[in-house]
*Asks:* 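Got a structure for you, written out below as C-alpha cells; questions coming shortly.
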Amino acid sequence: MSVPKVIHWGIIGTGKSAHNFAHALSMTKYGNLIAIGSRNKQRAKEFSNKFHLLEYFSSYLQLVNNSKIDIVYVATPNACHKKDVLLCLNAGKGVLVEKPFTTNIEDAKVLIDVAAEKNLFLMEAMWTRFIPAFNKVEQLISSGEIGEVRSFHATLGQPSIVNKKSNLFNGSMGGGSLLDLGVYPIFWSEFLFGPPTKIQSNIDCGNTDVDLTSSIILSYKNGKQSNIMSSIVTRFSNNGIIYGTKGAIEIPQPLYCPTTISVTRYPKDNLENKKLLIGKILSVAKRSLFLRNLYANYPLLGQFIGRTNKSTISFPIRGNGLQYMANEVSDYLANQIEGSKIIALSDTMSVVRTIELAKMENSNI
C-alpha cells in the first residue's frame, strides 16, 4: 500500500494573510508548511519560530529555489502579485495566490499563460468556494430547490480610517473596495451566472485614487441581474440573497465565510389563480372604505397573503475557515482528484475582467 504524498508548502510574505494560512495548513491532511520567505530576515525568523518551521529565508528567491517546496502561497500586497507569482512559476513551483489574483486583466493573462506553458498549478485563494455553506448553496441550486436563479443582491463593507500611506488606499498598490472586498460578491455572481453581458457602476473615490465605495449592476442573458455594493469606508449588512423562481437563499454575514444559510420556499399556488384572487380582493377593497384605509396605513399586510416557508441551516466552522481550501489544494496536488472543486483559471479571469471594467464606470461589453 502506497503512502499518500505530503505536499510541502512555502509562504512568501509575513502579514496577516500569511499567518492565517499557516494556521490553516496545520489542520490539513496532506499539506505541510516547511518554510517562510520575507525580505526582512527578522520577520522571517519570528514567523518560523511561531510555526516551528524547518527553514526561513530572507529573500523570496531563496525560498522558491528550495527543492523541498512543492507549492508557494503568495501573501504579498496586491500590486506585487504578478512579479511574485512569476518568480515562483519560473522556479518551477505551483502557486496559490491571495485574492485578488491580479490588479488587472493584462497581468492575469501573463500569469495564466506562463503556468500553462510550464504545466504548473496556479489558483487564486478564493477560500469562500470551499467552505461548507457554499457547498450547500451549490447543492440547493443544482437540485432546483429555488427554481431558476434570476437575481443576486449583495453588500460587503468594512470601514477603515482613510490613510493614503496604507496599501488599502493606494491605487499603485492595488487598493480600493472592489479589489479588497468586492471580489467576493463578484465571485458569487460569476459562480451563479458566468461572465456578465453589461456592467454599470457608480464609483466614489473621495479625495483618494481608489474606489472607496462602489455600486455595480451586472447584467446577464435572459434578464438575470446582480446588484453589488462594496466599501472600505462604510459598514454594510455584508450578506447576500440569491433569488430564484421557486424561492430564495439568504447568505448571512460575513458573505465570504457564512456559518449559516436560510432557504425560503415560495408557495406552490398557481400564479394565474393567485392573480385572479388578488384581483377579486382589490375589487372588494375599492368599494370598502375600511379596507382602503387599512391598506393605506399598513401597506405591508400584503406580504402575509400566501406565506412562505423559511428554514435555516447551520454550518459550524473549525479554525479560521481557510483550512478547507488549503486541504482541497493539497489533496488535489497529492492525488490529482478528478472532479475537484479547484477554481478554473477561466473563472478567475472573468472576475478580474469584471472588476477592471467596473472600475472604469458604466462599461458596456
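These values consider heavy atoms only, across backbone and side chains, with no hydrogens, waters or symmetry-generated copies.
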*Asks:* Does any part of the side chain of Thr234, heavy atoms only, come nearer than 4.5 Å to the side chain of Met229, both counted from C-beta?
*Replies:*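 When only atoms from C-beta onward are counted, Thr234 and Met229 do not touch, as no gap falls below 4.5 Å.
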*Asks:* Are Phe51 and Met325 joined in one hydrophobic group, where the rule is that I, L, V, M, F, W and Y side chains link up if heavy atoms are under 4.5 Å apart?
*Replies:*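 Looking at the clustering, Met325 is in the same group as Phe51.
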*Asks:* So Thr312 and Glu250, do their side chains get closer than 4.5 Å, heavy atoms only?
*Replies:*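 SC-SC contact between Glu250 and Thr312 ruled out.
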*Asks:* Should Leu89 and Val64 be regarded as members of a common hydrophobic cluster, given that ILVMFWY residues are connected when their side-chain heavy atoms come within less than 4.5 Å of each other, either directly or indirectly?
*Replies:*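 Same cluster.
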*Asks:* Above 12 or not: heavy atoms from other molecules or residues under 6.0 Å from NZ of Lys83?
*Replies:*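 Counting other residues, nucleotides and ligands, NZ of Lys83 exceeds 12 neighbours.
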*Asks:* Is there a donor-acceptor pair closer than 3.5 Å between any side-chain N or O of Lys164 and the backbone N or O of Asn207?
*Replies:*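 Judged by distance alone, yes, a pair lies under 3.5 Å.
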*Asks:* Considering residues, nucleotides and ligands other than Gln62, do more than 12 of their heavy atoms fall under 6.0 Å from its CD?
*Replies:*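 Buried by this count: over 12 neighbours within 6.0 Å.
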*Asks:* Just say parallel, tilted or perpendicular for the rings of His19 and Phe47, cut-offs at 30° and 60°.
*Replies:*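 Ring orientation of His19 relative to Phe47: perpendicular.
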*Asks:* Regarding Asn327 and Asp331, do their side chains bring together a donor and an acceptor under 3.5 Å, going by distance alone?
*Replies:*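 Side-chain D/A pair, Asn327 to Asp331: absent.
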*Asks:* Against Phe134, only a single residue in Tyr324, Trp188, Phe315, Tyr184 fulfils ring pair (Phe, Tyr, Trp, His ring centres under 6.0 Å); can you say which?
*Replies:*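 Exactly one candidate clears the test, Trp188.
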*Asks:* Hey, any chance Ile355 and Phe169 share a hydrophobic cluster, counting ILVMFWY side chains that come within less than 4.5 Å of each other, even indirectly?
*Replies:*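 Yes: a chain of side-chain contacts under 4.5 Å links Ile355 to Phe169.
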*Asks:* Kindly compute the distance separating CD1 (Ile141) from CD1 (Ile242), expressed to the nearest 0.5 Å.
*Replies:*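 Between atom CD1 of Ile141 and atom CD1 of Ile242 there are 4.5 Å.
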*Asks:* State whether a side-chain donor-acceptor pair under 3.5 Å links Tyr220 with Ser189.
*Replies:*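 Side-chain D/A pair, Tyr220 to Ser189: present.
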*Asks:* Output the distance between atom CD1 (Ile36) and atom CZ (Arg43), rounded to the nearest 0.5 Å.
*Replies:*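 Reported to 0.5 Å precision, the distance equals 10.5 Å.
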*Asks:* Counting N and O atoms only, with roles assigned by atom type, does the side chain of Asp107 sit under 3.5 Å from a partner on the main chain of Thr102, one being a donor and the other an acceptor?
*Replies:*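 Checked: no pair found.
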*Asks:* Are any of the side-chain heavy atoms of Asn167 and Asn78 separated by less than 4.5 Å?
*Replies:*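 Side-chain contact under 4.5 Å: no.
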*Asks:* Say you draw a straight line from CD of Gln200 to OG of Ser215; how long is it, rounded to the nearest 0.5 Å?
*Replies:*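 Output value for this atom pair is 10.0 Å.
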*Asks:* What is the distance from atom CD of Glu145 to atom NZ of Lys246, rounded to the nearest 0.5 Å?
*Replies:*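 One finds 9.0 Å between CD of Glu145 and NZ of Lys246.
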*Asks:* Mind checking whether Val233 and Leu179 sit in one hydrophobic cluster, side chains of I, L, V, M, F, W, Y counted as touching below 4.5 Å?
*Replies:*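 Both belong to a single hydrophobic cluster.
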*Asks:* State, yes or no, whether a side-chain contact exists between Tyr56 and Glu46 at a heavy-atom distance under 4.5 Å.
*Replies:*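 The answer is no; the side chains never approach within 4.5 Å.
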*Asks:* So, applying salt bridge (Lys or Arg N to Asp or Glu O under 4.0 Å) with Arg129, which one of Glu124, Glu138, Glu328 is it?
*Replies:*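 Testing Arg129 for a salt bridge (Lys or Arg N to Asp or Glu O under 4.0 Å) against Glu124, Glu138, Glu328 leaves exactly one candidate, Glu138.
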*Asks:* Strictly distance-based, threshold 3.5 Å: is any side-chain N or O of Ser231 a donor or acceptor partner for the main-chain N or O of Thr213?
*Replies:*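 Pair absent, no side-chain N/O of Ser231 close to backbone of Thr213.
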*Asks:* Ser237 and Thr155: side-chain donor and acceptor closer than 3.5 Å?
*Replies:*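 Yes, Thr155 and Ser237 have a side-chain donor paired with an acceptor closer than 3.5 Å.
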*Asks:* With respect to Ile203, which candidate in Asp211, Leu212, Val210 satisfies the side-chain contact (heavy atoms from CB on, under 4.5 Å) definition?
*Replies:*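 The residue from Asp211, Leu212, Val210 that satisfies side-chain contact (heavy atoms from CB on, under 4.5 Å) with Ile203 turns out to be Asp211.
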*Asks:* Taking all heavy atoms of Ser330 and all of Gly31, pick out the closest pair and write down the distance.
*Replies:*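 Ser330 and Gly31 have their closest heavy atoms at OG-CA, 3.4 Å.
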*Asks:* If you group Ile, Leu, Val, Met, Phe, Trp and Tyr by side-chain heavy-atom gaps below 4.5 Å, do Val97 and Trp127 land in one group?
*Replies:*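 Shared cluster, no.
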*Asks:* Less than 4.5 Å apart, side chain to side chain, heavy atoms only: is that true for Phe101 and Leu345?
*Replies:*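 Side-chain contact under 4.5 Å: yes.
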*Asks:* So Val149 and Ile249, do their side chains get closer than 4.5 Å, heavy atoms only?
*Replies:*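 No; the side chains remain at least 4.5 Å from each other.
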*Asks:* Would you say the side-chain atoms of Thr245 pair up with the backbone N or O of Glu148, donor to acceptor, closer than 3.5 Å?
*Replies:*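 Yes.
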*Asks:* Are any of the side-chain heavy atoms of Ile251 and Asn239 separated by less than 4.5 Å?
*Replies:*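 They are not in contact (no side-chain heavy atoms under 4.5 Å apart), so the answer is no.
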*Asks:* Do Pro254 and Asn238 make a side-chain contact, defined as non-hydrogen atoms from C-beta onward lying under 4.5 Å apart?
*Replies:*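 Contact flag for Pro254/Asn238 side chains = no.
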*Asks:* Roughly how far apart are Phe187 CZ and Phe191 CZ, rounded to 0.5 Å?
*Replies:*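 Result: 7.5 Å between the selected atoms.
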*Asks:* Tell me whether the rings of Phe121 and Tyr332 are parallel (<30°), tilted (30 to 60°) or perpendicular (>60°).
*Replies:*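 Phe121 vs Tyr332 ring planes: tilted.
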*Asks:* In Å, rounded to the nearest 0.5 Å, how long is the span from CD of Gln225 to OG1 of Thr197?
*Replies:*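 Taking CD in Gln225 and OG1 in Thr197, the distance rounds to 9.5 Å.
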*Asks:* Would you call the rings of Phe21 and Tyr73 parallel, tilted or perpendicular, taking 30° and 60° as the class edges?
*Replies:*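 Plane angle under 30°, so parallel.
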*Asks:* Is the CG atom of Asn49 crowded by more than 12 outside heavy atoms at less than 6.0 Å?
*Replies:*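 More than 12 within 6.0 Å, yes.
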*Asks:* Between Ser314 and Thr260, do the side chains contain an N or O donor and an N or O acceptor separated by less than 3.5 Å?
*Replies:*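 Their side chains do not contain a donor-acceptor pair, so the 3.5 Å distance test is not met.
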